[in-house]
Amino acid sequence: MSNKSSIEILTDETEQVNPTILLAEEFMRRDMADVLSTEDIERTEEIIYLGHREIDAIKKQLAAFDRTPASASSDIPTGF
Amino acid sequence: MNVSISTSPGFGGDLLRSLEYLQFKTRSHNAAAASDYIGSTLAEQQKYVLYREMFPMEWLRSQASFYRRGHFRSYSERSNELFKLVDERCFPLLEQYYDDPEADLDNFAIAPMNADLCCCGEVDHEYLRISYAIGLIFIYPAEAWAFLDDRFGLDESEFPSINERMHESVGRIEDSIYNDLICLVDHSTGNPWLDSTYCHGCDWYKWSKETIEELTVEFRSANMFFERIAGLDSLIEANPRQILTDLISFWNTGEPLNPDIASEDKENERQ
């Protein structure tokens, strides 16, 4: 098991901005009359797939945190 | 009382910071909203590709904008134009959606053309074409015989008994008006316009050239199917006893007693 803390594991991931956000910005800037080529459509479908995969991964990480059992802290909170 | 101010984050602090990081990722970047936006843009673009492929001249002449405008508010004016073209030139698409301007048409359903009989079993014989009403003797015999007695004075006891199941070849015989009728009543023609009903969950279709062309062909085929059945209506009106005897024979054996009638009918069809 890794000795890294959870925040270290998360920040070490080679994640970037979700590609759907970048593509959404690109789409917003383009003229709607410019019809997408077949290649563009294939690229868009791939980016939607990758974007969903990243969203699902983050949701799974959040769910895993929710399931984490409580453990005693070494620190005593102020007031106790 | 012990008072302690922690300087190191510890496990709890680490966990809270991680949760905050993840919530920032999901909330601030809002990838889900971006994905929805791309998905709807892509769906519109796929419709434009279809529009250009199927109606190239109309596409060139079109003055419709690419912004949301038109009867169906979720779609661009150009997409609304495509819906109308498909409805006018291919098959009835909008009839069932027109009352709902907010309708989601990214996938669409078709309106059943053979909806007189469904799993509800509530059939009003008076409003059925006569051939269809006769075909119901295999499904709802009591009601069908009562109707035939009332309409033509035909009594069940005067006819051969009907096997519980149709002959194994029935349903696969080509060029037979009786086969067509039984398949129509049974909703087993293989044509989506004729086999779907309002009672069962409908099939959803996507906007692709293949789908639109296939549904167009099947719609025309369904109309021709009804035209063939109409030919049987006149034969029944002329000689109900003979046709009903033939039809029962066909159900039981896969062969009509009097093949001449079927062949005469086929000849009429060809003409």
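The sequence lines fix the lettering, A, B, ..., with proteins before strands; numbering per chain opens at 1.
Among residues at least two apart or in separate chains, there is no ring-ring contact (aromatic ring centres under 6.0 Å, His included) pair with a member in residues 45-74 of chain A.
The side-chain contact (heavy atoms from CB on, under 4.5 Å) search around B/Asp203 returns B/Tyr205, not counting sequence neighbours. Partners of B/Tyr97 by ring pair (Phe, Tyr, Trp, His ring centres under 6.0 Å), not counting sequence neighbours: none found.
Put simply, the side chain of B/Thr41 gets close to the backbone of B/Tyr37: a donor and an acceptor are under 3.5 Å apart.
Contacts of residues 49-58 of chain B with chain A at a heavy-atom distance below 4.5 Å involve B/Val49, B/Arg52, listed in sequence order.
At a threshold of 4.5 Å between non-hydrogen side-chain atoms, the residues A/Leu36 and B/Tyr48 do not count as touching.
When ring centroids are compared, B/Trp193 and B/Phe91 come within the 6.0 Å threshold.
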